[in-house]
Amino acid sequence: MSELSLAHQDYPVDDLEQLLTILPRSIQAIIADHPQRQQLVEVVMDLGRLPEARFPGTAVYLGDSLIAKEDLQYAIDRVGLFSSDNRAGIERTLHRISAIRNRTNEIIGLTCRVGRAVFGTINLIQDLVETGESLLLLGRPGVGKTTALREIARVLADDLHKRVVIIDTSNEIAGDGDIPHPAIGRARRMQVARPELQHQVMIEAVENHMPEVIVIDEIGTELEALAARTIAERGVQLVGTAHGNRLENLIKNPTLSDLVGGIQAVTLGDDEARRRGSQKTVLERKAPPTFAMAVEMLERQKWTIHSDVALTIDNLLRGRPPVEQLRYMDEQGELQIETVETQSQERTPQPPPYFSLGLVDDRQLRPRPTGLRSTGRMKPQAPLHANADQVRDFERLLEQSWQQWEGDDEPKVRVPGPNGEDLPVYVYPYGVGRSQLDQVIEILQLPVAVTKDVHQADAVLALRSHVKGNQKLRQMAKGVQVPIYGVKSNTIPQISRALKRILGMDEPHKAEAADLRLFTRSGSNDELEALEEARLAVEQIVIPTGQPVELLPRSPHVRKMQHELVEHYRLQSDSFGDEPNRRLRIYPA
């Protein structure tokens, strides 16, 4: 009987002998005679320590000889190359060898984990896999997420005859080498050159290979979460894993919260807050979840099922008990399903986690008032010495007195700045877009005022193309002794940089964090999502690693905003590809 014919049996295939061949012979002999060798989880070898074998729930030392450099080198010589994430494998097996290095990049420790293909391991959730909905697996390391992912890919490809593509970043799903392990069946595997490029390979798989299902292990960055959302919105079934024991961990994780729809703070009206019985500022789900269903792998063969992630997240944010199923195998090997309608001990009712998410300060966590005050019929008393309307009028006039409009013939009003300089600085724009100029001043809150009279100005801000052949403007500026600051184009980065240069705030060799409001036009979610993607790519990959990055396909007007954002960081970018797949590529400095 072949391996693939054992689809519905709990049958492990581990290739343990091939893992043992890379270990020093003294260790091989001890493991070969160990009564629990078939349950071996991993072998740990650290320089100057006793080798250790780990089994479920226990660990034992292998002999009494300390590990020497020769022992480590013996194993290193018999495995594949270690990638940038310090992982290697044995060709056509599922074993994973992870390295620990010292500060001189020399390997001083190895963790040799046994990789097993366990056929039939997804019997608990086979009905969910067959629905065609996207599925997220959660659980602590070592609970069997990757094993389940491998079996899901095989079932979808062989039993349901779907086009399945596996994004195998660390070669842990389909094994090391160019030929994938037979445990994935007819599914295809795409390898990833470097872990930071995983999100690009995810998009490449959809664009080039027409998959019906994408399988991805260890979604861990915002770019990967964004790519996962893009894949799901294109109608492709997505099956993935993420580190975290429960959905609450994803809610509190700003990097991965988009997988469950993203979280935002919303201010309710008085009537709605009273109807809900909540505070006025609450947390709500921002968008539909990327994954429609989720599985919390509490332990092997005991999983909690969330068949409607959107409903679960909404309930958790409002402090309600989530509706969930507990599935496990009993002693007779029969599937048992229990519907959990009340909160378990681990999920004790808690107020919405505003403070833990950093969205509001602790002053907003005061207990909700009760009694007559909570009905909203009580009103604050006006001060004894004045009518409430008079007080509001006085405050409005006082506020306006500091921001009086100046006509062209009125003298300039100055206030001393933090360094003794006179503020605001009056700027005369020439050929520069007024809307962009006002947008930069307002969002960055710069002490700059725009004047229509060059005689009242402290500086002239002009397009270089307009200044080059304009003798009249140059003579006028020279006559009133006002400097001219040129900008190459009418873009937000050019204008903001010029204004900071006028104020003496520009630092040419320092890339400041970008305020995305500067670059958006309508402020729509699509624009903000595209700008956030570009910002993350620049700050997390291009600048730290010096590697170019390709972004997701966008429309022309959104790509223009992304180009401006990249220019803010003093980097270069260009667009390539054909519509509708035309996208940005960002280059390091």
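Judged purely by distance below 3.5 Å, without hydrogens or angles, the side chains of Q18 and H95 never pair a donor atom with an acceptor atom. Checking E299 against Y328 by side-chain atom types alone, no donor-acceptor pair falls below 3.5 Å.
Under the side chain to side chain donor-acceptor pair (under 3.5 Å) criterion, the residue pairs touching residues 210-226 are T146-D217, Q198-E224, D217-T241, with sequence neighbours excluded.
Nearest heavy atom pair, residue R189 against residue P180, reads NH2-CA, 3.7 Å. Counting all heavy atoms, side chain and backbone alike, L47 lies closest to I67 at CD1-O, 3.7 Å.
Residues passing the side chain to side chain contact (heavy atoms under 4.5 Å, CB included) test with L81, sequence neighbours excluded: none. Looking at residues two or more places apart in sequence or on another chain, you find a ring-ring contact (aromatic ring centres under 6.0 Å, His included) between F55 and H34. Under the side chain to side chain contact (heavy atoms under 4.5 Å, CB included) criterion, E233 pairs with R229, sequence neighbours left out. A search for side chain to side chain contact (heavy atoms under 4.5 Å, CB included) contacts involving D46 returns V44, R49, I100, not counting sequence neighbours.
Evaluated for a side-chain contact (heavy atoms from CB on, under 4.5 Å) with V155, the options D159, I152, D158 yield exactly one hit, D159.
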Could you walk me through whether N171 and Q191 pass side chain to side chain donor-acceptor pair (under 3.5 Å), step by step? CA-CA 7 Å; N171 286 358; Q191 300 188 49; 3.2 Å; yes
Before you tell me yes or no, could you show the steps for D127 and R327 under salt bridge (charged side-chain N to carboxylate O under 4.0 Å, His left out), namely the whole-Å CA-CA distance, both residues' side-chain angles and the distance that decides it to 0.1 Å? CA-CA 12 Å; D127 57 323; R327 298 188 180 188; 2.9 Å; yes
Atom pairs and distances, donor-acceptor, side-chain atoms in residues 131-141, under 3.5 Å, two or more places apart:
unit_1	atom_1	unit_2	atom_2	d
T131	OG1	L128	O	2.6
T131	OG1	E133	N	3.3
S134	OG	L238	N	3.1

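Taking 4.0 Å as the cut-off between side-chain N and carboxylate O, E533 and R554 count as a salt-bridged pair. Using a cutoff of 4.0 Å between basic side-chain nitrogens and carboxylate oxygens, E248 and K252 are not scored as salt-bridged. Ion pairing between a basic and an acidic side chain is recognised when a charged N comes within 4.0 Å of a carboxylate O; E196 and R194 show such pairing.
Other residues, nucleotides and ligands contribute over 12 non-hydrogen atoms within 6.0 Å of the NZ atom of K162. Within a 6.0 Å sphere centred on OH of Y587, other residues, nucleotides and ligands contribute more than 12 heavy atoms. Other residues, nucleotides and ligands contribute only 12 or fewer heavy atoms inside 6.0 Å of the CZ atom of R188. Heavy atoms of other residues, nucleotides or ligands lying less than 6.0 angstrom from CG of N208 number more than 12.
For the atom pair CD1 of I231 and CD of E207, the computed distance is 9.5 Å after rounding to the nearest 0.5 Å.
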